[in-house]
Amino acid sequence: RIVNEILLANQLDAGRLDMEFEPFDAAEVVERVVESTRVYAPPTVSVDYSAADEIPPVAADLDKVRQVLVNLVENAIKYSPDGGEVEVGAAAREDHVRFHVRDEGLGVAPEEQERIFEKFYRADPHMIRGVGGTGLGLYICRELIDRMDGRIWVEANEEKGSTFFFELVTADVLAHQDTNARRLQLRN
């Protein structure tokens with residue numbers, strides 16, 4: 001896994017990662033990611049999903065979105081050493097679909113909320129809290145979401161833990177943008 005993260009980070013840095021944009025069902029992706037991560041979640045962590053009704057199709061690279069969700073869910077589990085609930089969900093937001101991964105774990109300090117997406121940055125570099133990692137996972141997530149014209153961020157929960165969000169445009173918005181781009185090319 002570490003080797004794969006390093007290789008992917010190098011591909012991203014070199015701009016050599018192909019993206020396959022296609023419309024897909026956000027609720028279905030969330031459900032499948034939750035089902036697959038439940039298999040290896042410790043018994044002290046429950047992983048559930050919530051998806052709003054009537055979510056429009058997302059226009060992005062399905063495999064890359066799945067990779068981002070899996071990474072965020074694995075982090076939520078890893079950073080919940082005392083257990084708790086991890087919730088994964090999706091909902092429509094105007095011309096975007098917003099995904100979220102909420103946990104009841106250690107949380108992210110406000111001063112680190114931007115920095116955790118930097119390459120090799122680790123919130124706990126001396127492993128005081130006993131959580132290891134390469135510092136590439138969230139960097140890769142941010143780079144993938146950026147390349148899909150989305151945005152990603154984290155917020156502290158009211159009591160404990162954190163929620164990671166990312167938004168991607170709907171298939172309708174992307175189709176409209178593509179149509180306008182083609183019209184502009186024809187005029188020139």
Side-chain angles (χ1 to χ4, degrees), residues 1-5 7-9 12 17-93 96-108 116-117 130-134 136-148 150-155 157 159-171 174:
R1 179 177 177 156
I2 292 171
V3 170
N4 286 339
E5 284 183 347
L7 290 173
L8 181 53
L12 288 164
L17 190 69
D18 294 328
M19 295 284 196
E20 297 287 331
F21 283 74
E22 60 184 311
F24 63 86
D25 183 338
E28 183 179 322
V29 172
V30 166
E31 184 177 357
R32 288 187 181 187
V33 166
V34 167
E35 288 173 0
S36 68
T37 53
R38 279 182 180 154
V39 173
Y40 57 83
T44 58
V45 176
S46 67
V47 183
D48 295 303
Y49 68 92
S50 67
D53 296 331
E54 303 296 320
I55 301 174
V58 175
D61 187 308
L62 173 60
D63 289 333
K64 305 300 187 284
V65 171
R66 186 179 299 118
Q67 183 174 3
V68 169
L69 279 170
V70 166
N71 188 315
L72 294 176
V73 172
E74 288 177 351
N75 275 359
I77 292 168
K78 181 169 59 170
Y79 285 92
S80 297
D82 297 328
E85 183 178 333
V86 173
E87 179 190 276
V88 187
R93 295 277 190 261
H96 291 80
V97 172
R98 180 179 292 176
F99 295 83
H100 74 268
V101 177
R102 179 177 298 114
D103 66 61
E104 299 172 333
L106 300 172
V108 179
I116 60 171
F117 294 102
V131 181
T134 61
L136 288 173
L138 291 176
Y139 166 76
I140 290 169
C141 288
R142 185 194 67 205
E143 291 296 315
L144 291 174
I145 295 300
D146 283 352
R147 282 167 173 73
M148 291 184 276
R151 68 184 193 109
I152 186 169
W153 71 99
V154 62
E155 295 177 4
N157 295 341
E159 292 187 25
K160 64 179 181 175
S162 56
T163 304
F164 284 81
F165 297 95
F166 67 92
E167 289 181 337
L168 297 168
V169 297
T170 63
L174 186 64

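Computed from heavy atoms alone, side chains included, the values below leave out hydrogens, waters and symmetry copies.
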Check: If you round to the nearest 0.5 Å, how far is CD1 of Ile152 from CG of Leu168?
Finding: 9.5 Å
Next item on the list: State, with a plain yes or no, whether a side-chain heavy atom of Thr170 is found less than 4.5 Å away from one of Val97.
Entry: yes
Item checked: Partner set under side-chain contact (heavy atoms from CB on, under 4.5 Å) for Arg32, not counting sequence neighbours -> Glu28
Check: Can you name the closest pair of heavy atoms from Val45 and Ser80 and give their distance?
Finding: CG2-O, 4.1 Å
Next item on the list: Might you point out which heavy atoms bring Pro42 and Ile77 nearest each other, and give the distance in Å?
Entry: CD-CG2, 3.5 Å
Next item on the list: Could you tell me which non-hydrogen atom of Ser36 sits nearest to which non-hydrogen atom of Tyr40, and how far apart they are?
Entry: O-CE2, 3.6 Å
Next item on the list: Any chance you could lay out the side chain to side chain contact (heavy atoms under 4.5 Å, CB included) test for Leu138 and Arg142, step after step, and finish with the verdict?
Entry: CA-CA 6 Å; Leu138 291 176; Arg142 185 194 67 205; over 6 Å; no
Note to self: Ring-plane angle category for Phe165 and Trp153, please: parallel below 30°, perpendicular beyond 60°, tilted otherwise.
What the structure shows: parallel
Margin query: Contact between Phe99 and Val101 at the side-chain level, heavy atoms closer than 4.5 Å - yes or no?
Written below: no
Item checked: N-O pairing of Glu167 and Arg98 below 4.0 Å -> yes
Item checked: Closest contact, heavy atoms only, Glu22 versus Leu62 -> OE2-CB, 3.8 Å
Note to self: Going by side chain to side chain donor-acceptor pair (under 3.5 Å), name the residues that satisfy it together with Arg93, two or more places apart in sequence or in a different chain.
What the structure shows: none
Margin query: Treating Asn157 as the side-chain partner and Asp103 as the backbone partner, does any N or O pair qualify as donor plus acceptor under 3.5 Å?
Written below: yes
Item checked: Contact check, side chains of Phe166 and Leu72, non-hydrogen atoms, under 4.5 Å -> yes
If you look only at distance, which donor and acceptor atoms sit under 3.5 Å apart when one is on a side chain in residues 47-61 and the other is two or more places apart or in another chain?
{"unit_1": "Asp48", "atom_1": "OD1", "unit_2": "Arg38", "atom_2": "NH2", "d": "3.2"}
{"unit_1": "Tyr49", "atom_1": "OH", "unit_2": "Glu31", "atom_2": "OE2", "d": "3.2"}
{"unit_1": "Asp61", "atom_1": "OD1", "unit_2": "Asp63", "atom_2": "N", "d": "3.1"}
{"unit_1": "Asp61", "atom_1": "OD1", "unit_2": "Lys64", "atom_2": "N", "d": "3.1"}
{"unit_1": "Asp61", "atom_1": "OD2", "unit_2": "Glu20", "atom_2": "N", "d": "2.7"}

Note to self: On a heavy-atom basis, which atom in Ser162 and which in Val154 lie closest, and how many Å separate them?
What the structure shows: CB-CG2, 3.9 Å
